[in-house]
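Have a look at the structure below before the remarks.
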Amino acid sequence: MSNLRSVHNISIVFVRLVVGALLSFYVASYLAQELGPVNNGLYALTVLLPTMAVTFGGFGFSTAVVYFISKKNYPLSEVLAKLILVSAISSLLIVGLCFSLPVHLWNTWLPSVPMYLIATGIAIIPLLLLYTNFIAILHGQQNFRKYGLISMLPNVVTVVLLQFFSGTIENRLLFCVIAWGIGYLPATILIAFYLRSDLLSFFKHVNLRSGLLREAFVYGLKSYAGNLITFLNYRLNFYLIGGMIGANAVGIFAVTVPITEVIWLLAAAVSTVIFPLIAHQSSSDGSVKNPTPIISRWVFVASCLAGLIIGELANFIVLEAFGPLYSEAVEAIHWLLPGVVLFSVSKVLSGDIAGRGRPDINLYITSLSLVINIMLCYLLIPMYGINGGAMAVSITYCFYTLVVSVIYSKLVDVHISEMFLPKYSDWHLLRKLFNKFLCI
């Protein structure tokens, strides 16, 4: 695939992510002002439950689906049948385990979160898992136009429900959680409609004896552990802050996410495209030039510029979009920015490494990073509150990026500066890429 074709796909995903980020920002702003810091913290902890459950219980199968569809080793109908089967079994196991846990454990893990909210979060798990696995098929096909449009639907539906119906509901907190979960239903149905011809052969392939399942779980389990630990690095601080300081602090810390993670939009778009692209190239003759270094260094430049802008506007954004009750988030944002900016590079490089069939490398780095993150959280949160949580995350992101950059430079035999420092020769290519972007 040419560089221009790659940037065309990146541009499609980037536009989708920008729209999705704007919708997510609107939802975060709306919830923060409507619910207040305490209920906003309860909402954040509740929706984090099914998200974490799917990350734990998906066993990396969705990542394996992207990898194997990109390499075209198995027919799509067989992949789809196994995907549905695994989704059903995983859902039963996860939901059954969640409902079997005693109440006192939930009170320990999710302090102050009412059981009816926890039960609602658990009920959303099967739908979220099926959506996650279904959207992986479009990702693996590199059908980024459909992928981009459909993956925006959950946010769109949630915004519509909150805007037009929340004012008439007595228990707004519960309704907000339900609206978030329902958002995934139309997207899942739409993907099923798109795949309807392959679904017709579902019963032909619905069995557990398959080379695909064996290979998918071997690859998926390696990426599963890495993705799981990465997710914990992203969100474990919510639980630790909630346990050490309370739901009010979680509600304030939660508003830093839609503000700072905007910096990752370009990196996330690149990573989304790079993973199946590298997986496909790795099965070819190897004559295609590696696009990752040049993309990485310009993602870093763009992230630095975005970080500077957000740092300057943080106080204005927080006060105008979320209100004065969340003013403590401003300093936390400033602490987060260095790590978030640097981590944009690791998102690109990690996608490339996974596409080369080496998710185990990402696993080792994320495991070490998680240990550092937890140690820093227990050290810094009691001393500095939510700012301590932000410091812990930022330091962890910096460490992760440093390590993954060194390893990647050895893996593909390029100098580490190739991932960070722009070259004069890049400008000619960038002009072509910009013109291609305008043609979307």
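Residues take their numbers from the sequence shown, with the count starting at 1.
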Item to complete: Taking the side chain as every heavy atom from C-beta outward, state whether M391 and W335 have any atom pair closer than 4.5 Å.
Response: yes
Fill in: Spatial distance of atom CD1 (I372) from atom OG1 (T396) [nearest 0.5 Å]
6.5 Å
Discussion item. With a sphere of 6.0 Å drawn around CE of M115, does it hold more than 12 non-hydrogen atoms of other residues, nucleotides or ligands?
Written reply: yes
Worksheet item: Should L308 and V341 be marked as a side-chain contact (heavy atoms from CB on, under 4.5 Å) after you check the CA-CA gap, both sets of side-chain angles, and the distance that decides it?
Response: CA-CA 9 Å; L308 289 172; V341 167; over 6 Å; no
Discussion item. Between T366 and L370, is there a side-chain heavy-atom distance shorter than 4.5 Å?
Written reply: no
Worksheet item: Do Y378 and M244 have side-chain heavy atoms sitting under 4.5 Å apart?
Response: yes
Item to complete: Can you see which heavy atom on F300 is nearest to which on F420, and at what distance?
Response: CD2-O, 3.4 Å
Item to complete: Measure from the side-chain N and O atoms of S327 to the backbone N and O of P324, and report whether any donor-acceptor pair falls under 3.5 Å.
Response: yes
Discussion item. To the closest 0.5 Å, what do you measure between CG (L127) and OH (Y184)?
Written reply: 9.0 Å
Discussion item. Once rounded to the nearest 0.5 Å, what's the spacing between atom OG of S394 and atom CZ of F399?
Written reply: 14.0 Å
Practice prompt. Locate the shortest heavy-atom distance separating A249 from I245; write the atom from each residue and the value.
Written response: CB-CG2, 3.6 Å
Discussion item. Using every non-hydrogen atom in the two residues, find where T158 and G183 come nearest and quote the distance to one decimal.
Written reply: OG1-CA, 4.0 Å
Practice prompt. Please examine the side chains of P50 and I122, heavy atoms only from C-beta on, and report whether any two atoms are closer than 4.5 Å.
Written response: no
Discussion item. Restricting to non-hydrogen atoms, name the atom on H334 and the atom on A314 that form the minimum distance, rounded to 0.1 Å.
Written reply: NE2-CB, 3.9 Å
Discussion item. Less than 4.5 Å apart, side chain to side chain, heavy atoms only: is that true for S369 and I365?
Written reply: yes
Worksheet item: What is the minimum heavy-atom distance between L129 and S91, and which atoms define it?
Response: CD2-OG, 3.5 Å
Discussion item. So that I know where these two stand, are F25 and F322 an aromatic pair - ring centroids less than 6.0 Å apart?
Written reply: yes
Item to complete: Go through the steps for N373 and N237 under the test side-chain contact (heavy atoms from CB on, under 4.5 Å), then give the verdict.
Response: CA-CA 9 Å; N373 190 13; N237 302 66; 3.5 Å; yes
Worksheet entry | Heavy-atom donor-acceptor pair, Q33 side chain to A321 backbone, under 3.5 Å | yes
Worksheet item: Is there a donor-acceptor pair closer than 3.5 Å between any side-chain N or O of T401 and the backbone N or O of L342?
Response: yes
Worksheet entry | I135 side, atom CD1; I191 side, atom CD1 - distance, nearest 0.5 Å | 3.5 Å
Response to the item:
Rounding to 0.5 Å, atoms CD1 (I309) and CG (L337) come to a distance of 11.5 Å
Worksheet entry | Atom pair CD1 (I259) and OG (S29), whose distance is rounded to the nearest 0.5 Å | 9.0 Å
Worksheet item: Hey, mind stepping through I118 and T46 against side-chain contact (heavy atoms from CB on, under 4.5 Å) and telling me if it holds?
Response: CA-CA 6 Å; I118 293 175; T46 302; 6.0 Å; no
Fill in: Whether over 12 other heavy atoms sit under 6.0 Å from W180 CH2
yes
Fill in: T51 side chain vs V47 backbone, donor-acceptor pair below 3.5 Å
yes
Fill in: Evaluation steps, ring-ring contact (aromatic ring centres under 6.0 Å, His included), between W264 and Y397
CA-CA 12 Å; W264 288 344; Y397 287 168; 5.5 Å; yes
Item to complete: Would you tell me whether N171 and Y116 have side-chain atoms, one donor and one acceptor, within less than 3.5 Å of each other?
Response: yes
Discussion item. Within the structure provided, determine whether S350 and V404 are in side-chain contact (heavy-atom separation under 4.5 Å).
Written reply: yes
Response to the item:
Between A332 and T256 the two heavy atoms that sit nearest each other are CB-CG2, 4.1 Å
Worksheet item: How about Y384: does its OH atom have over 12 heavy atoms from other parts shown lying under 6.0 Å from it?
Response: no
Discussion item. Is any side-chain heavy atom of F99 closer than 4.5 Å to one of I94?
Written reply: no
Fill in: Side-chain heavy atoms of V177 within contact of I124, under 4.5 Å
yes
Item to complete: Might you work through the side-chain contact (heavy atoms from CB on, under 4.5 Å) test for E261 and V340, ending with a clear yes or no?
Response: CA-CA 7 Å; E261 292 189 4; V340 171; 5.5 Å; no
